[in-house]
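So that the names make sense, note that chain A is the first sequence line, chain B the second, and so on, each numbered from 1.
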There are 2 protein chains.
Amino acid sequence: MPGQHTLDETESQVATRLAGMDLDFEAMAVTANLFRAANAARNHMERTVLAKSNLTWTAFVVLWVAWIWESAETREIASEAGVSKATLSGVLTTLEGRGFVERKRGEKDGRLVTVELTASGKRLMKKLFPEFNKAERHVVRDISSAEQPVAADILRRITQAAN
Amino acid sequence: MPGQHTLDETESQVATRLAGMDLDFEAMAVTANLFRAANAARNHMERTVLAKSNLTWTAFVVLWVAWIWESAETREIASEAGVSKATLSGVLTTLEGRGFVERKRGEKDGRLVTVELTASGKRLMKKLFPEFNKAERHVVRDISSAEQPVAADILRRITQAAN
DNA sequence: CGCAGATAGTTCGGACCCGAACGATCTCAA
DNA sequence: TTGAGATCGTTCGGGTCCGAACTATCTGCG
């Protein structure tokens, strides 16, 4: 099966190829696996849960944030979802066109825009989120109950260090 | 500072809002923080290391894979970089246009395309990668040496479970 | 030998993604 | 009170990003 490298092969090739350079290989292994894991998990969610509702990952996250907070301002959705306000603007237009959210111009402060889920959007999340959570459970199924809080804590510290 | 939620606030709001539903909150915390961490780390790298070379994240990862493996076939680059072959095709066209890589049609098998870094591409990676590694070290600076291999291992298991 | 099926990379359409520039709105000090 | 500066969301241009359809090539069974 040419062209197919296992994770181990890749890491050993990296070690060989970069031998002698003054690098932090431990840090490299953590971040490389961080991106791989996030990517794999995201692809898995998109294919198993989101695709059948024709939702992209980002659109789902945006819906999720607005759902959790009942209603949310644009800039906090962008921050929670991890996208720029420029991106969010486009995604909101898409979601509004499909009838899942509504934009409301702030009354006190005319610069602000508040986002709320429509009835249709709420129905969608109520149906979708339990399935999404099942997929979450699936991707962490080989992490023991004891390790899961440790993992979450480590990831929180990485998030903080990168900000 | 309205509209700014801390990580703790978000997680407690989630717990309140979803109370009573049959959900795995531990799994949720792991994946939520996984995506947050990957996103934050990626944004940090893009801003501190990649932006000044005018490279996107994906373009850098593609260069990195071809660099590590000396030369690589398209489908393995796509797999390592975590993008579809359609995306890779576009990224390669961009990188080729900027003179960092060369496409070579396979001689034995006319369907295959091999990617190699040009001299300019190699120079770029030789300069950029140590800086990139410094940024990697930065984002894991609050994870102890003892924890780092544990973290890498947990992330590897998540990757496998999601595939 | 010949062609049905598998496989590789590209193209296409539509959606995301960002920084920069922009117009609208708010704030607060002179 | 009035503007200079801050802040908000949108727009714009260029670069990903993907699934599906497509072309080119290879493989192997008959």
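- Residue A:Thr58 is the one, among A:Thr58 and A:Lys85, whose nearest nucleotide of DNA chain C lies closer to the 5' end (criterion: closest heavy atom).
- One can place NZ of B:Lys108 at 14 Å from C1' of D:dT27, the figure rounded to the nearest angstrom.
- Put simply, CG on A:Leu92 is 10 Å from P on C:dC16, counting in whole angstrom units.
- Contacts of A:Gly82 with the nucleic acid, taken as non-hydrogen atoms under 4.0 Å apart, involve only primed sugar atoms and P, OP1 or OP2.
- Distance CD (B:Glu73) to P (D:dT25): 17 Å, rounded to an integer number of Å.
- Closest heavy-atom contact between B:Glu70 and B:Glu116: O-CG, 4.1 Å.
- Ring centroids of B:Phe132 and B:Trp64 are separated by 6.0 Å or more, keeping the two rings apart.
- Looking at heavy-atom distances under 4.0 Å, A:Gly110 makes contact with sugar-phosphate atoms alone, never a base.
- Residue A:Phe60 contributes atom CZ, which lies 17 Å from atom C1' of C:dC16 at whole-angstrom precision.
- B:Thr87 has a side-chain polar atom (N or O) that falls below the 4.0 Å cut-off from OP1 or OP2 of D:dC18.
- Among all heavy-atom pairs drawn from B:Asp24 and A:Asn133, the shortest one is N-OD1, 2.8 Å.
- Checking D:dG19, C:dC26, D:dC8 against every side-chain atom of A:Asp109, the shortest atom distance belongs to C:dC26.
- Across all strands, A:Arg103 comes closer than 4.0 Å only to sugar-phosphate atoms, never to a base (heavy-atom distances).
- In the set C:dT11, D:dC8, D:dT11, the nucleotide with an atom closest to the side chain of B:Ser89 is C:dT11.
- Residue-to-nucleotide proximity on DNA chain D shows that, of B:Leu88 and B:Arg105, the 5′-proximal contact is made by B:Leu88.
- Between B:Thr94 and D:dG15 there is no side-chain N or O to OP1 or OP2 distance below 4.0 Å.
- Put simply, the side chain of A:Glu96 gets close to the backbone of A:Arg103: a donor and an acceptor are under 3.5 Å apart.
- Within 4.0 Å (heavy atoms only), B:Thr74 reaches sugar-phosphate atoms of the nucleic acid but no base atom.
- Relative ring orientation between A:His138 and A:His44 is described as parallel, the plane-to-plane angle staying below 30° on a 0-90° scale split at 30° and 60°.
- Under 4.0 angstrom from either OP1 or OP2 of D:dT23 there lies no side-chain N or O belonging to B:Arg111.
- Within the 4.5 Å cutoff, the side chain of B:Leu95 has no heavy atoms near those of the B:Val115 side chain.
- Of all the residues in residues 31-57 of chain B, B:Arg42, B:Thr56 reach under 4.0 Å from DNA chain D with at least one non-hydrogen atom.
- Toward the 5′ end of DNA chain C lies the nearest nucleotide of A:Ala59, the other residue of the pair A:Ala59 and A:Glu107 mapping further downstream.
- Distance from the side chain of A:Val113 is smallest to D:dG9 among D:dC18, D:dG9, C:dC26.
- Contact annotation: the side chain of B:Leu18 approaches that of B:Met28 to within less than 4.5 Å [non-hydrogen atoms, C-beta and beyond].
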